[in-house]
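To keep things clear, I will list the structure first and then write my remarks on it.
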Amino acid sequence: MYSVATTLSHFSDSFAIMHETSLTEIPAYQSLQLHHANAQHWELRELFQNDPRRFEKFSLAAAGIFLDYSKNRLDEKTIELLTSLARGRGLESQRDAMFSGHKINTTEHRAVLHTALRAPRNTGLKVDGQDVPHDVHAVLSQIKSFTQRVRSGEWLGHTGKHITDIVNIGIGGSDLGPEMVCRALRSFAHPRLALHFVANVDGHDLDAVLAKVNAETTLFVIASKTFTTAETMMNAQSARAWFVKQASEAALPKHFVAVSTNTQAVTAFGIDPANMFQFWDWVGGRYSIWSAIGLPVALAVGFDHFSEFLAGAHAMDEHFRTAPLERNMPVLLALIGIWYRNFFNCPSISIAPYHQDLGQFAAYLQQLDMESNGKRVARDGSTLNVATGPVVWGDVGTNGQHAYFQLLHQGTDLIPVDFITALKPTHSLPGHHAALLANCFAQSEAFMKGKTADEVKEELQAQNVAAEEIERLVPHKTFPGNRPSNTLLLDQLTPGTLGALIALYEHKVFVQGVVWGVNSFDQWGVELGKVLAKNIQTELQGEAKPNAHDASTNGLIAKAKEALA
Ligand code: F6P
């Protein structure tokens, strides 16, 4: 068991806000630039031909996940330079600072302790005098007893019927995590409980869900860290009004529970504080699935599976905390990302889960990565002179193959891909899984090898195509190849492996933030739009202020007012 208390004293609050050395001034960065001058000409095909042990060398297993990173444009020297870059940025001490509860979120003066949410009860850790594991496990016990009551049928609706539908109302981290995980673990779900997620302020979202559920048998989970987020509050109030119309105010406690850090606002909304599941300001929204925000997951799959999910993440935490950087999976994933982003200038990365149940994984990673590292200033406020977070996007394979993979194979940008799959399915339909895995492995092979002009010619000649036609077709049918990818293999998609997978990406994002020198834990960029929306909403619903904005915004408001009148 580790104790983080001892490491705390090594850090002072000035640690994270001291003047940042520019990344480009680090000697390893300059060495990487020189190294890249050669590496950019390497061909993956040749790297494989020249080293029969490449797969063994550039792969590793941790916390139930196998990572093959051999199909990347790198060699041992690349890894050596990248890890020395990470060391030059103080990665190890910053990692320890995070685990220790140091306030590394310097613009919000907060610790960053999602790892404590999945740590064992006896992990010694205090933040502002508060015994963190004690508080975490108290809420876990509350989640356990509540979810057992709902799942067993002991918790009844106001007319004495079993709960059949759970509606989670939340947005961002209070939606994406529970929704993604509930879908990923749907083969473990309780057969009586249907899960619904409402995030969008667009009334079509809530309206469609309310049309499907029955007030007598529905439980609403209002999930909001702040309990002030405009979209969530509007949806919660509308759901409340819908419910009261069909039942009564008195029936509310049996049908509305809350997950929040804001007891006062929850109580003011009319939810019994006994039915409020607490979390803390040191849990960032996009890192909150491990907290009570995971309540819908525990309701769907049961507390034991939820515990396995936490344990899987903890196993990855332990690997990240203790493995040498050169054999550390999140560190390697992060540094490979830095290699492409900062040296090959890759604008985006694509996530390709070859597992239908991971259908929302790319959307989840979008918030995790882009809200964390979509930053243009360093922690000390200075403007960065290097590119930071890439655009993260993707969808499940094989569907993506028939949509946008064309651009990945033959487009003008180099876009690294993370393939994610499970060796064993959780269904029993014959043949499907071999077909799925074959496609996954074939795509990474095709990205790596491509198809040369000579190979295309040979193929067309064998089909007796006329010489002029061959000349015409060759450029179109040639694949440049040399397109990098990682492949992540889970044995099976289970609560434990899913937990480890999410934690892997969380730590990847952390490492990249450290290397870029940004605060990965604030999100000021979403504030401006929120404030402007409030003003415009007042104008749309009340008095027009014809010249309050620029000509475009004024014109759009005028059109909407006309339509809404
Ligand atoms: O959009 C910004 C954000 O603060 C996210 O980081 C967060 O996950 C989301 O809004 C929802 O916030 P809350 O849980 O407080 O409603």
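Bear in mind that the values here come from a model prediction, so they are computed numbers and not experimental data. Remember, it's 1-based here, ligands and their atoms both numbered in the order they're listed.
The side chain of Val526, and not its backbone, has at least one atom closer than 4.0 Å to an atom of ligand 1 (non-hydrogen atoms only; side chain from C-beta on).
Checked against a 3.5 angstrom limit, the closest N/O atoms of Lys225 and ligand 1 fall inside it. Between Thr232 and ligand 1, no N or O atom pair is found at a separation short of 3.5 Å. Between Phe227 and ligand 1, not a single N/O pair is under 3.5 Å apart.
The aromatic rings of His158 and His255 stand perpendicular to each other, their planes meeting at an angle above 60°, with 30° marking the opposite boundary. Below 30°, between 30° and 60°, or above 60°: for Phe521 and Tyr287 the angle between ring planes is between 30° and 60°, a tilted geometry.
In this structure, atom 6 (O) of ligand 1 has protein heavy atoms in its sub-4.0 angstrom surroundings.
Side-chain contact of Asn262 with Ser260: a donor-acceptor pair under 3.5 Å is absent, judged by distance alone. Checking Arg341 against Gln512 by side-chain atom types alone, no donor-acceptor pair falls below 3.5 Å.
For Gln367, the closest heavy-atom approach to ligand 1 falls below 4.0 Å.
Of the candidates Met233, Gln523, Glu527, Glu231, Gln523 brings a heavy atom nearest to atom 4 (O) of ligand 1.
A salt bridge does not link Lys225 with Glu108: none of the charged nitrogens is closer than 4.0 Å to a carboxylate oxygen.
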